[in-house]
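Beneath this line is the structure, given in structure tokens, with notes to follow.
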Amino acid sequence: MKSGNGSVSARIREVVRTIPPGRVASYGDVAAAAGNPRASRAVVWALRSAPDTDPAGRLPWHRVVNRAGSVSAHEGQELQRVLLEAEGVEFGLAGTIDMERYRWRF
DNA sequence: CGTATGACGAGCC
DNA sequence: AGGCTCGCCATAC
């Protein structure tokens, strides 16, 4: 089954949808908002599997970065960065985001 | 139930 | 700074 709804993964996706444009959140933040501050890997799994399960759900996965404020996407890191910059998120020379400034507070 | 996967996080060297 | 190990979690098979 699609890992279905009602599951933690579904909850994670909802949390991610809560992140407004121009804001970012770390995997750990999303996990915490979903109920488990240590389930960052569950978030990875959820986002890793979600795209195909919610083509219409448009999950703003690009707003989720690692704690260091850098893009860890397995692919499409450029796309992720472009999308974020388009929303107003600035990247440092090291390719990192100022989490203190753009981190979304749930 | 045991093993493997995954875009993490924190710690250690 | 860069790289590796271990811990945590949810899901799939």
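Throughout, a chain's letter reflects where its sequence line sits, starting with A, and its residues are numbered from 1. Quick note: numbers below take in every heavy atom, side chains included, and nothing from hydrogens, waters or symmetry partners.
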Inset, instruction - Kindly state which residues belonging to residues 23-44 of chain A come within less than 4.0 angstrom of DNA chain B, counting heavy atoms of the residue only, listed by number. - result: Ser26(A), Tyr27(A), Gly28(A), Ser40(A), Arg41(A), Ala42(A), Val44(A)
Legend entry - Distance, rounded to the nearest Å, where Arg11(A) contributes CZ and dT11(C) contributes P: 12 Å
Legend entry - dC12(B) to dC8(C) separation - P atoms, rounded to the nearest Å: 15 Å
Legend entry - Single hit among Val24(A), Val15(A), Thr18(A) for side-chain contact (heavy atoms from CB on, under 4.5 Å) with Trp104(A): Thr18(A)
Legend entry - Interatomic distance where CG belongs to Asn66(A) and P belongs to dG6(B) [whole Å]: 18 Å
Legend entry - Short side-chain N/O contact to dT11(C) OP1/OP2 from Ser9(A), under 4.0 Å: yes
Legend entry - Arg23(A) and Glu87(A): CA distance, side-chain angles, deciding distance, salt bridge (charged side-chain N to carboxylate O under 4.0 Å, His left out) verdict: CA-CA 8 Å; Arg23(A) 291 287 196 216; Glu87(A) 297 181 343; over 6 Å; no
Legend entry - d(CG, Leu47(A); C1', dT5(B)) in whole Å: 15 Å
Inset, instruction - Return the minimal non-hydrogen interatomic distance between Trp61(A) and Gly76(A), and the atom names on each side. - result: CH2-O, 4.3 Å
Legend entry - Pairing of Arg101(A) and Glu90(A) as salt bridge, 4.0 angstrom limit: yes
Legend entry - Spacing between Trp45(A) atom CH2 and dC13(C) atom C1', to the nearest angstrom: 12 Å
Inset, instruction - Could you tell me whether a side-chain N or O of Arg103(A) sits under 3.5 Å from a main-chain N or O of Ala25(A), the two making a donor and an acceptor? - result: no
Legend entry - Residues in contact with DNA chain B, drawn from residues 87-96 of chain A - heavy-atom cutoff 4.0 Å: none
Legend entry - For atom CD1 of Ile97(A) and atom C1' of dA7(B), their distance in whole Å: 14 Å
Inset, instruction - Check whether NZ of the Lys or CZ of the Arg Arg81(A) lies under 6.0 Å from the centre of the six-membered ring of Phe91(A) and within 45 degrees of that ring's axis. - result: yes
Inset, instruction - Mind running a 4.0 Å heavy-atom check of residues 69-79 of chain A against DNA chain B and sending the residues that fall below it, in number order? - result: Ser72(A), Ala73(A), His74(A)
Inset, instruction - Answer whether the closest heavy-atom distance between the side chains of Phe106(A) and Asp29(A) falls below 4.5 Å. - result: yes
Legend entry - Under 3.5 Å donor-acceptor, Ser49(A) side chain and Trp45(A) backbone: yes
Inset, instruction - Tell me whether Tyr102(A) is reachable from Val30(A) by hopping between hydrophobic residues (I, L, V, M, F, W, Y) whose side-chain heavy atoms are closer than 4.5 Å. - result: no
Inset, instruction - Specify the closest pair of heavy atoms between Ala31(A) and Ala39(A), including all atoms of both residues, with the distance to one decimal. - result: CB-C, 3.5 Å
Legend entry - Nucleotide dA10(C), atom P - distance to CD of Glu14(A) in whole Å: 17 Å
Legend entry - Reported CD-to-CD distance for the pair Gln80(A) and Glu85(A), which is rounded to 0.5 angstrom: 11.0 Å
Legend entry - Nearest-Å distance for atom pair CZ/C1', residues Arg48(A) and dA12(C): 13 Å
Legend entry - Spacing between Gln80(A) atom CD and dC8(B) atom C1', to the nearest angstrom: 14 Å
